[in-house]
Visitor: 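This is the structure, below, for whatever I ask next.
Below, each value reflects all heavy atoms present in this structure, side chains not excepted, and no hydrogens, waters or symmetry copies. Note that the structure is a prediction, hence the values are computed from the model and not measured.
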Amino acid sequence: MEWTIQELAVRAGVTSRTLRHYDSFGLLAPSRVGANGYRYYDSTSVVRLQRILLMRRLGMGLPAIAEVLADEVDVCDGLRAHITALEEERDRVERQIRSARDTLDALRAGTEPRQDVMLAGFNDPYKDEVISRWGERVFRVSNDWWHGKTLDQQRAWKQAAEDLVAAWVAAARSGISPTSEPAQTMAARHVRWLSRIPGTPTADGDRERSIEMVTCLGDMYVDDPRFATMYDDADGARFVRDALQAYARTRM
């Protein structure tokens with residue numbers, strides 16, 4: 001089956017001019033050109049156009065798209081990546097819909113949603129650190145996960161995080177060693193908490209990167225002023241760091 005350039009443009013929701021531009025850029029050549037000069041596209045061309053349009057929607061420029069397609073060996077691998085990206089986009093939209101509905105329900109009930117909870121992303125304050133250390137995907141997936149929660153779910157998560165910090169402070173004040181069994185039980189609880197955040201190495205089951213992440217977090221709790229006082233004082237932060245890093249070395 002073949003489509004003319006006009007037929008393909010209509011079905012793909014683009015213009016014939018766009019398809020010609022993709023051809024001039026080396027992205028999408030017609031499968032053949034008829035004697036009358038008409039351009040025709042077969043199923044292989046349509047599959048390639050699907051990939052191009054998806055990457056464009058993800059914000060990729062034409063040079064980057066050309067590089068991806070040039071490096072691609074197996075068309076099936078490309079389609080699997082296409083499906084995965086579409087599923088992630090679907091999940092992101094569904095989370096946004098749930099969040100908007102939760103806000104609407106709160107307003108209908110006569111209560112005002114807390115904007116600091118509903119609008120603030122899970123890791124917005126640490127965006128630069130997250131992206132530089134773990135990549136854009138980790139930041140995007142975890143923030144999408146956060147915005148997909150209902151207001152009650154967000155409050156419950158924040159309370160669980162506060163309970164975890166309070167338990168660490170109590171453990172540090174008790175005078176136990178960071179390598180003691182109670183402290184290591186706290187470290188295991190902390191890692192389980194991290195594993196419930198989509199996009200993180202602990203959630204993905206990546207052992208090596210999980211160890212690296214837990215070790216780096218321990219250092220950050222001590223070195224970053226935003227965290228240094230979270231665990232009551234500098235001694236508390238060092239206790240958490242030492243316990244987490246011991247757990248990463250011996251039990252992960």
Side-chain angles (χ1 to χ4, degrees), residues 88 91 95 114 116-118 120-252:
E88 289 178 352
D91 293 344
R95 286 191 292 269
R114 285 182 52 197
D116 62 323
V117 174
M118 295 299 294
F122 175 72
N123 51 21
D124 277 343
Y126 317 109
K127 179 178 180 179
D128 292 341
E129 292 100 322
V130 171
I131 291 177
S132 64
R133 189 178 296 276
W134 307 109
E136 177 74 31
R137 176 183 171 273
V138 172
F139 177 80
R140 176 176 54 80
V141 171
S142 59
N143 258 19
D144 286 347
W145 159 79
W146 178 252
H147 287 302
K149 286 181 173 294
T150 66
L151 183 59
D152 286 342
Q153 288 171 334
Q154 289 178 339
R155 287 171 173 161
W157 179 267
K158 285 179 176 285
Q159 185 61 55
E162 291 171 4
D163 291 345
L164 178 61
V165 169
W168 271 121
V169 170
R173 288 176 176 173
S174 71
I176 62 175
S177 166
T179 58
S180 66
E181 193 58 35
Q184 291 301 287
T185 298
M186 278 299 307
R189 175 181 170 184
H190 198 110
V191 173
R192 287 195 301 272
W193 176 76
L194 290 171
S195 70
R196 294 196 293 272
I197 305 170
T200 60
T202 49
D204 291 342
D206 187 328
R207 179 176 177 273
E208 294 302 320
R209 293 183 73 233
S210 295
I211 292 172
E212 180 186 1
M213 180 181 187
V214 171
T215 300
C216 290
L217 280 176
D219 287 334
M220 186 170 65
Y221 290 157
V222 173
D223 299 336
D224 192 322
R226 292 171 297 182
F227 290 101
T229 58
M230 177 183 293
Y231 297 104
D232 199 29
D233 55 24
D235 288 339
R238 284 191 290 270
F239 175 86
V240 176
R241 177 199 62 192
D242 294 346
L244 286 175
Q245 293 184 351
Y247 183 84
R249 286 193 308 269
T250 62
R251 306 197 184 192
M252 289 184 69

Visitor: Write down the atom of A243, the atom of A187, and the distance for their closest heavy-atom approach.
Guide: O-CB, 3.9 Å

Visitor: Would you say V214 and Q245 make side-chain contact, with heavy atoms under 4.5 Å?
Guide: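 No. Closest side-chain heavy atoms not under 4.5 Å.
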
Visitor: Kindly indicate whether the side chain of L217, heavy atoms from C-beta on, has any atom under 4.5 Å from the side chain of L194.
Guide: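 They are in side-chain contact.
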
Visitor: Without swapping roles, check the side chain of R207 against the backbone of M252 for a donor-acceptor pair under 3.5 Å.
Guide: yes

Visitor: Which pair of heavy atoms, one from G236 and one from A172, lies closest together, and at what distance?
Guide: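 Taking G236 first and A172 second, the nearest heavy atoms are CA-CB, 4.1 Å.
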
Visitor: Supply the atom-to-atom distance T179 OG1 to R249 CZ, rounded to the nearest 0.5 angstrom.
Guide: 9.0 Å

Visitor: Could you tell me which non-hydrogen atom of I197 sits nearest to which non-hydrogen atom of A203, and how far apart they are?
Guide: O-CB, 3.2 Å

Visitor: Between S177 and A183, which heavy-atom pair has the shortest distance, and what is it?
Guide: O-CB, 3.3 Å

Visitor: Atom NZ in K158, atom CD in Q153: separation rounded to 0.5 Å?
Guide: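 Result: 14.0 Å between the selected atoms.
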
Visitor: W145 and R196: which non-hydrogen atoms are nearest, and at how many Å?
Guide: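 So the two residues come closest at CZ2-O, 3.7 Å.
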
Visitor: Ring centroid separation for F239 and Y231, is it under 6.0 angstrom?
Guide: no

Visitor: Within this structure, what is the CG-OG distance for the pair D204 and S195, rounded to the nearest 0.5 Å?
Guide: 11.0 Å

Visitor: What pair of heavy atoms forms the shortest contact from P201 to M213, and how long is it?
Guide: CD-SD, 3.4 Å

Visitor: Using side-chain heavy atoms (C-beta onward) and a distance below 4.5 Å, is D206 in contact with E208?
Guide: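 Yes, their side chains come closer than 4.5 Å.
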
Visitor: Test of understanding: with side chain to side chain donor-acceptor pair (under 3.5 Å), list the residues that count as partners of S210, not counting sequence neighbours.
Guide: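 With sequence neighbours excluded, S210 shows a side chain to side chain donor-acceptor pair (under 3.5 Å) to no residue whatsoever.
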
Visitor: Judged by atom type as modelled, is there a donor-acceptor pair below 3.5 Å linking the side chain of S180 to the main-chain atoms of I176?
Guide: no

Visitor: Answer yes or no: does atom CZ of R173 have more than 12 heavy-atom neighbours from other residues, nucleotides or ligands under 6.0 Å?
Guide: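 No - once you tally the heavy atoms of other residues, nucleotides and ligands closer than 6.0 Å, there are 12 at most.
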
Visitor: When the side chains of residues 161-171 are checked against the rest of the protein, which donor-acceptor pairs come out under 3.5 Å, sequence neighbours left out?
Guide:
{"unit_1": "D163", "atom_1": "OD1", "unit_2": "Q159", "atom_2": "NE2", "d": "2.9"}
{"unit_1": "W168", "atom_1": "NE1", "unit_2": "H190", "atom_2": "ND1", "d": "2.9"}

Visitor: Before giving the answer on salt bridge (charged side-chain N to carboxylate O under 4.0 Å, His left out), spell out for R251 and E181 the whole-Å C-alpha distance, their side-chain angles and the decisive distance to 0.1 Å.
Guide: CA-CA 12 Å; R251 306 197 184 192; E181 193 58 35; 3.1 Å; yes

